[in-house]
A.B. asks: 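Questions regarding the structure given below will be posed in turn.
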Amino acid sequence: MKTFFVGLLAFLLVAAPAAAPQSFSPTPEVYRALASISVDSLRGNLFFIAADLLEGRDTPSRGLDIAALYIAAQFRRAGLEPAGDDGYFQTAKMLRIAQAAEGFELRMQSGARTMTVSTDQTIVVSRQPLELSGAPVYKIANAADLRLAGVKGKVVECARPITQAAAALQPAAFLEAADDDRGRAAPRLIDADKERTLFGGVPRLIVRDPEAAKLLREAKAGETGITVSIKLPAPTVAPVTVRNVAGLLRGSDSALRNQYILLTAHYDHLGRSSAGEVFPGANDDGSGTVSVIEIAQALARLRVHPKRSIVFMTFFGEEEDGLGSHYYTRHPLFPLAKTVADLNLEQVGRTDSSAGPEISNATLTGFRYSTVAHTLQQAGERTGVKVYETPNGDEFFDRSDNQTFAEHGIPAHTIAVAFEFPDYHATGDVWQKIDYGNMAKVDRMIALGIVMLADSPGPPRWNSENPKVTRYLRAK
């Protein structure tokens, strides 16, 4: 292994100057740090994180707590400063909602067509019972529709960014179509503060049944012609504590150390199936989690830290609608105004993409949204990784924790090797299927990209000419 690292370092030192522009010149110490990123270390960490012992790292669960403790131990081993409110932990008080096993009913009617949606095809986010009969569904497509919407007492389907305004109109419930029908629906965690802020405490039902979801998506704006009948018994509510895990590598430059770059991943997954099978979540997102650990340990070796501070953080509850990252932005450990970028890692371990093998490649969501992609391409040129724009990458931008930071005006992207791969949200996503050599190579690119962002004279910028980022520019 030592011979391999020496050879890698020699290759990087020789190849780097010819492969990339001269505006940034990593020191030999940086390249030694990159060379310390270890296939064996990644494999060993993921062997534990994706073990059956952790029972799929459901949010909340004992397995999730064990994973958090393990990640914190690795941050401590690396020498990162504790960045939470309890050592390396940022503790969040949530409510676990268990819906009653009997008495649930959801019927949707459109003309002569009636659909009954089962409880296992419905995600319910509510602390209270609800009963409606033949309530009309009103669809609010954009903020302009709010002025015309007489939705008091009706069931509303609307875009997430305007739910707070819609809740002020006193609907009886929100009804949503899920992004997909995979995974399991319940139990759910509720962040009571978030529900009050974003949804006014209005009960929410998210349907996963493909036909019902299709009906909602294709419904016209305004009066949809759909009616729903709902019977929702009172749920059981229990308080729980869940944790983000955060460590700090403090910057070396007196003028820039109070600016922060985040390297993040979610460490939760889906837990168990109704039959008791474990969803290991090795690639989604054990691979991102162990990469955060490995890159933290590599960069912490630097005698002179990068100029800006780097926060290494893993989130709970990404599979629960991004609960952990949303909690962080409502309770930031470091000022959001001083946070200049978030690089979020998802699915960086498997190369058997559904689109074909992805060897020595990486991509990111929202490729043309900011200057981050260009920096990563430069890092890729120096480390032998092609950082490229995938045709459907923008479609995934709002499907991971990076979206939470983008909504606060922070340039934020999710880096992946394969957006879609066999065993996604299935029991076959196991540690043995990871390409560890490729993951180590991609991690070296990410680590160098982080250093380049941290040492650049100016922070990353949104691409103001891209109309897709207008909402994020306005969020600043």
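Along the sequence shown, residues carry numbers from 1.
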A.B. asks: Are the charged groups of Arg368 and Glu389 less than 4.0 angstrom apart, N to O?
C.D. replies: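 A salt bridge is present here (some side-chain N lies under 4.0 Å from a carboxylate O).
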A.B. asks: Assess, by modelled atom type and distance only, whether the side chains of Gln90 and Asn244 contain a donor and an acceptor separated by less than 3.5 Å.
C.D. replies: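 Indeed, the side chains of Gln90 and Asn244 share at least one donor-acceptor pair under 3.5 Å.
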A.B. asks: Evaluate the salt bridge (Lys or Arg N to Asp or Glu O under 4.0 Å) criterion for residues Arg350 and Asp284: first the C-alpha distance (whole Å), next the side-chain angles of each, then the deciding distance (0.1 Å), finally the verdict.
C.D. replies: CA-CA 10 Å; Arg350 288 183 61 163; Asp284 180 20; over 6 Å; no
A.B. asks: Mind checking whether Trp462 and Phe397 have parallel, tilted or perpendicular rings, split at 30° and 60°?
C.D. replies: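 The arrangement is perpendicular - the two ring planes meet at more than 60°.
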A.B. asks: Is a donor on one side and an acceptor on the other found under 3.5 Å between the side chain of His269 and the backbone of Gly56?
C.D. replies: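 Not at all, since once roles are kept as given, no pair shorter than 3.5 Å links the two residues.
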A.B. asks: Check step by step if side-chain hydrogen bond (donor to acceptor under 3.5 Å, both in side chains) holds for Lys139 and Thr224.
C.D. replies: CA-CA 6 Å; Lys139 185 170 185 175; Thr224 62; over 6 Å; no
A.B. asks: Would you say the side chain of Ile415 lies within less than 4.5 Å of the side chain of Asn344, judging by non-hydrogen atoms?
C.D. replies: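 Sidechains of Ile415 and Asn344: no contact.
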A.B. asks: Any carboxylate oxygen within less than 4.0 angstrom of a Lys/Arg side-chain nitrogen, looking at Glu195 and Arg204?
C.D. replies: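 Here Glu195 pairs with Arg204 in a salt bridge, since their nearest N and O are under 4.0 Å apart.
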A.B. asks: List in chain and number order the residues that pass salt bridge (Lys or Arg N to Asp or Glu O under 4.0 Å) with Lys433, two or more places apart in sequence or in another chain; answer none if no residue qualifies.
C.D. replies: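 Checked Lys433 against salt bridge (Lys or Arg N to Asp or Glu O under 4.0 Å); matches are Asp423.
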A.B. asks: Specify the closest pair of heavy atoms between Leu54 and Ile49, including all atoms of both residues, with the distance to one decimal.
C.D. replies: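 That closest heavy-atom pairing would be CD2-O, 3.6 Å.
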A.B. asks: Identify whether the distance between the nearest side-chain nitrogen and carboxylate oxygen of Asp193 and Arg196 falls below 4.0 Å.
C.D. replies: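 Arg196 and Asp193: salt-bridged.
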A.B. asks: Got more than 12 heavy atoms from elsewhere within 6.0 Å of CG, Asp85?
C.D. replies: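 Yes - once you tally the heavy atoms of other residues, nucleotides and ligands closer than 6.0 Å, there are more than 12.
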A.B. asks: So does Arg272 pair up with Asp58, basic N to acidic O under 4.0 Å?
C.D. replies: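 Result for this pair is no, no salt bridge flagged.
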A.B. asks: Would you name the heavy atoms of Leu333 and Ala83 that are closest together and state the gap between them?
C.D. replies: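 Between these two residues, the closest heavy atoms are CD1-O, 3.1 Å.
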A.B. asks: Tell me if the CZ atom of Arg330 is crowded by more than 12 foreign heavy atoms within 6.0 Å.
C.D. replies: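 It does: Arg330 CZ has more than 12 such atoms within range.
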A.B. asks: Measure from the side-chain N and O atoms of Thr390 to the backbone N and O of Gly393, and report whether any donor-acceptor pair falls under 3.5 Å.
C.D. replies: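 Side chain of Thr390 to backbone of Gly393: no pair is present.
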A.B. asks: Without hydrogens or angle criteria, can the side chains of Asp401 and Thr264 be said to hold a donor-acceptor pair below 3.5 Å?
C.D. replies: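 Side chains of Asp401 and Thr264: no pair found under 3.5 Å.
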A.B. asks: Ignoring hydrogens and angles, tell me if any N or O in the side chain of Ser41 forms a donor-acceptor pair with the backbone of Ser38 under 3.5 Å.
C.D. replies: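 Not a single qualifying donor-acceptor pair exists.
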A.B. asks: Looking at every non-hydrogen atom in both residues, tell me the closest pair between Thr427 and Pro280 and how far apart they are.
C.D. replies: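 Minimum heavy-atom separation between Thr427 and Pro280: O-CD, 3.5 Å.
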A.B. asks: Anything under 30° is parallel, anything over 60° is perpendicular, the rest tilted; go ahead and classify Tyr436 against Trp431.
C.D. replies: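 Ring orientation, 0 to 90° scale: tilted.
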A.B. asks: Taking the ring centre of each residue, are Tyr267 and Phe315 less than 6.0 Å apart?
C.D. replies: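 No, the ring of Tyr267 stays outside the 6.0 Å limit from the ring of Phe315, centre to centre.
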A.B. asks: When you check the gap from the basic side-chain N to the acidic O, do Arg399 and Glu318 get nearer than 4.0 Å?
C.D. replies: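 No, no charged N to carboxylate O under 4.0 Å.
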A.B. asks: Between Ser353 and Pro357, is there a donor-acceptor pair closer than 3.5 Å when you use the side chain of the first and the backbone of the second?
C.D. replies: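 A pair under 3.5 Å: no.
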